[in-house]
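Worksheet: one structure, shown below.
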Amino acid sequence: MKINAERIAQFIEGKVEGNGNAEVASFGKIEEAKEGQLAFLANPRYEEFLYTTKASVVLLNDNYELKQPVAATLIRVPDAYIAFAKLLQVYQELMKSQLTGIQQPSYIDGSAQLGEDVFVGVFTYIGANAVIGNNVKLYPGVYVGNDVKIDDNAILHPGVKIYFGCCIGKNVTIHAGTVIGGDGFGFAPQEDGGYKKVPQIGNVVIEDNVEIGCNAAIDRATVGSTIIHSGTKLDNLIQIAHNVEVGCNTVIAAQAGVSGSTKIGRNAMIGGQVGIVGHLQIADGTKINAQSGVSKSIKEKNTAVTGSPAYDYTSALRSQALTRNLPQMEKRLAELEKLVRQLMQEKINF
């Protein structure tokens with residue numbers, strides 16, 4: 001999709017300098033951009049590239065004074081970085097608005113309900129009694145099980161699987177390969193040493209404005225619901241076990257795992273590769289450093305922890321500093337012991 005500089009300026013309330021008919025079809029970094037691309041300059045460190053860039057259009061701050069002629073068409077704005085971000089959002093919305101209709105082959109059960117302006121990509125499956133809201137985008141290869149509800153403006157990228165009975169809120173984005181509603185890890189040990197599977201008959205509820213990365217797994221509850229509350233952001237490769245509850249606006253980085261029935265509060269920040277055992281309470285505003293192992297509940301709000309087992313962040317740093325100094329401390333202790341022995345010997349001789 002091509003768009004000219006004048007049209008771009010209207011979107012971001014900018015002023016064109018140069019050829020208003022200059023067209024772009026994609027974006028590029030100012031030092032690498034090619035003809036037909038749009039770039040921006042906000043960081044003075046990249047100033048030199050303004051005069052050599054091949055970009056057709058460049059966003060530039062109002063107060064920037066040119067030091068030499070520029071080949072690209074300029075669009076002046078108060079803040080080039082903010083304008084670029086806004087333009088990316090507009091571009092993304094335009095691209096999404098073009099995705100409508102039902103591609104074939106795909107399967108949609110006769111009892112399923114589809115809202116307006118829905119896009120169903122090729123090889124998508126929509127099961128019995130599923131309810132799909134307005135402007136939902138289901139990319140190719142998405143599986144939507146029986147009785148699933150997906151609310152307005154949700155986006156499910158290729159290969160997402162939503163098992164039966166799960167609920168997806170408004171403005172939710174789920175990236176490729178993620179599975180919502182697989183069985184929780186429930187097995188009862190038997191006298192013969194084997195394990196008997198405990199049926200997992202609950203569901204998963206994803207509330208509004210949640211974004212989930214690629215290849216994450218959120219297990220259905222044994223009974224009741226596994227819940228991801230509104231505004232939460234989950235990175236790639238995350239495991240959320242059965243009956244876990246993640247509070248509003250919490251962020252969890254890649255490769256973290258949360259064991260069954262743990263409740264995480266609002267506005268928590270959980271680093272990559274964190275492991276949290278089951279049946280814990282994690283207070284609002286908790287910060288857990290990367291690769292930490294949490295084995296006890298964190299009940300005080302806005303606590304920062306690190307390590308395995310995780311404990312107070314500041315104390316942990318002090319302990320690490322002391323550990324690094326142990327060889328020097330050992331040497332000093334040996335010298336002190338030697339001095340004490342000398343003094344005692346002198347006292348005996350005296």
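Side chains are part of it too, since the values below use all heavy atoms of this structure and drop only hydrogens, waters and symmetry mates.
We find the CG-CG distance between Asn135 and Asp117 to be 6.0 Å, quoted to the nearest 0.5 Å. For the atom pair CD1 of Ile30 and CG of Leu50, the computed distance is 5.0 Å after rounding to the nearest 0.5 Å. Between the CD1 atom of Ile276 and the CD1 atom of Ile282 there is a distance of 5.0 Å, given to the nearest 0.5 Å. For the atom pair NZ (Lys15) and CD (Glu6), the distance works out to 11.5 Å, reported to the nearest 0.5 Å. Taken from OG1 in Thr232 to CG in Asp208, the straight-line distance is 11.5 Å, to the nearest 0.5 Å. Note that CG of Asn63 is 8.5 Å distant from CD of Glu65, once rounded to the nearest 0.5 Å.
Residues Phe123 and Gln103 are not in side-chain contact: their nearest non-hydrogen atoms beyond the backbone lie 4.5 Å or more apart. Side-chain contact check for Ile75 versus Val57: some heavy-atom pair is nearer than 4.5 Å. Using a 4.5 Å cut-off on side-chain heavy atoms (C-beta onward), His229 and Ile227 make contact. Counting only heavy atoms from C-beta outward, the side chains of Leu114 and Ile108 approach each other to under 4.5 Å. With contacts defined as side-chain heavy-atom distances shorter than 4.5 Å, the pair Ile150/Leu138 qualifies. Side-chain atoms of Leu339 and Gln342, non-hydrogen and from C-beta on, do get closer than 4.5 Å to each other. For the pair Leu234/Ile218, a side-chain contact is recorded, criterion being any heavy-atom separation below 4.5 Å from C-beta on. For the pair Asn153/Lys170, no side-chain contact is recorded, criterion being any heavy-atom separation below 4.5 Å from C-beta on.
Gln239 places no side-chain N or O within 3.5 Å of a backbone atom of Leu237 that could act as its donor or acceptor partner. No side-chain donor-acceptor contact under 3.5 Å links Asn146 to the backbone of Phe164. The backbone N or O of Gly36 sits less than 3.5 Å from a side-chain atom of Ser56, completing a donor-acceptor pair. At least one donor-acceptor pair closer than 3.5 Å links the side chain of Ser292 to the backbone N or O of Gly307. Panel note: side chain Thr73, backbone Asn19; a donor-acceptor pair is recorded below 3.5 Å. Within the 3.5 Å criterion, the main-chain N or O of Asn129 finds a donor-acceptor partner in the side chain of Ser111. Thr262 contributes a side-chain N or O that, together with a main-chain N or O of His279, makes up a donor-acceptor pair within less than 3.5 Å. With hydrogens and angles disregarded, no donor-acceptor distance shorter than 3.5 Å links the side chain of Thr250 to the backbone of Met269. No donor-acceptor pair closer than 3.5 Å links the side chain of Lys196 to the backbone N or O of Pro189. Checking side-chain atoms of Ser297 against main-chain N and O of Lys299 turns up no donor-acceptor pair under 3.5 Å.
Classification of Lys338 and Glu335 as a salt-bridged pair fails, no side-chain N sitting under 4.0 Å from a carboxylate O.
Closest heavy-atom contact between Cys167 and Asn203: SG-ND2, 4.2 Å. In this structure, Ala130 and Gly145 approach most closely via the heavy-atom pair CB-O, 4.0 Å. Residues Thr178 and Gly213 come closest through the heavy atom pair OG1-O, 2.6 Å. Shown here for Cys166 and Gly181, the closest heavy-atom pair between the two residues is SG-CA, 3.8 Å. Taking all atoms of both residues into account, the shortest heavy-atom contact from Ala112 to Gly127 is CB-O, 3.7 Å. The two residues Gly169 and Ala154 come nearest to each other via the heavy atoms O-CB, 4.0 Å.
Leu87 is connected to Val16 through a chain of hydrophobic side-chain contacts under 4.5 Å among Ile, Leu, Val, Met, Phe, Trp and Tyr, so both are in one cluster. At a threshold of 4.5 Å between side-chain heavy atoms, the hydrophobic network of Ile, Leu, Val, Met, Phe, Trp and Tyr places Tyr195 and Phe185 in one connected group. Leu59 and Tyr46 are members of different hydrophobic clusters when ILVMFWY side chains are connected at heavy-atom separations under 4.5 Å. Both Ile8 and Val90 belong to a single network of hydrophobic side chains, linked directly or stepwise wherever heavy atoms of I, L, V, M, F, W or Y lie under 4.5 Å apart. Both Ile102 and Ile162 are assigned to one and the same hydrophobic cluster, defined by single-linkage of ILVMFWY side chains at heavy-atom distances under 4.5 Å.
Other residues, nucleotides and ligands contribute more than 12 heavy atoms inside 6.0 Å of the NZ atom of Lys197. More than 12 heavy-atom neighbours from other residues, nucleotides or ligands sit within 6.0 angstrom of CZ on Phe187. More than 12 heavy atoms of other residues, nucleotides or ligands sit less than 6.0 Å from atom CZ of Arg76. Shown here is Gln104, whose CD atom has more than 12 heavy atoms of other residues, nucleotides or ligands within 6.0 Å. Few gaps surround CD on Glu32; more than 12 heavy atoms of other groups in view lie less than 6.0 Å from it. Enclosure of atom CD in Glu47 by more than 12 non-hydrogen atoms of other residues, nucleotides or ligands within 6.0 angstrom is indicated. No more than 12 heavy-atom neighbours from other residues, nucleotides or ligands sit within 6.0 angstrom of CD on Glu191. Within a 6.0 Å sphere centred on CD of Gln328, heavy atoms belonging to other residues, nucleotides or ligands number 12 at most.
With no hydrogens or angles considered, a side-chain donor-acceptor pair links Gln37 and Ser26 at under 3.5 Å. Checked by atom type, the side-chain pair Ser230/Asn209 shows no donor-acceptor distance below 3.5 Å.
Applying the side-chain hydrogen bond (donor to acceptor under 3.5 Å, both in side chains) test between Gln200 and each of Thr226, Asp219, Asn243, Thr222 identifies Thr222 as the sole match.
Legend: residues meeting side chain to side chain donor-acceptor pair (under 3.5 Å) with Gln291, ordered by chain and number and at least two apart, are Gln273.
Using bins of under 30°, 30° to 60° and over 60° for the plane-to-plane angle, the ring pair Tyr143/Tyr163 lands in the perpendicular bin. Taking the six-membered ring where tryptophan is involved, the planes of Phe119 and Tyr139 are perpendicular, since the angle between them exceeds 60° and thus also 30°.
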*Run the side chain to side chain contact (heavy atoms under 4.5 Å, CB included) check on Arg341 and Met344 step by step: do they pass?*
CA-CA 5 Å; Arg341 286 196 299 269; Met344 292 181 65; 5.7 Å; no
*Step by step, would you call Ile206 with Ile168 a side chain to side chain contact (heavy atoms under 4.5 Å, CB included)?*
CA-CA 5 Å; Ile206 309 292; Ile168 310 299; 3.7 Å; yes
*Could you give me the CA-CA distance, side-chain angles and deciding distance for Asp183 and Arg220, then say whether side chain to side chain contact (heavy atoms under 4.5 Å, CB included) is met?*
CA-CA 6 Å; Asp183 278 1; Arg220 70 190 314 105; 3.6 Å; yes
_With side chain to side chain contact (heavy atoms under 4.5 Å, CB included) as the criterion, how do Asn215 and Asn236 come out once you've worked through the C-alpha distance, each side chain's angles and the decisive distance to 0.1 Å?_
CA-CA 6 Å; Asn215 296 316; Asn236 304 326; 5.9 Å; no
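Under the ring-ring contact (aromatic ring centres under 6.0 Å, His included) criterion, the residue pairs touching residues 56-87 are Phe27-Phe84, Phe40-Tyr81, Phe40-Phe84, with sequence neighbours excluded.
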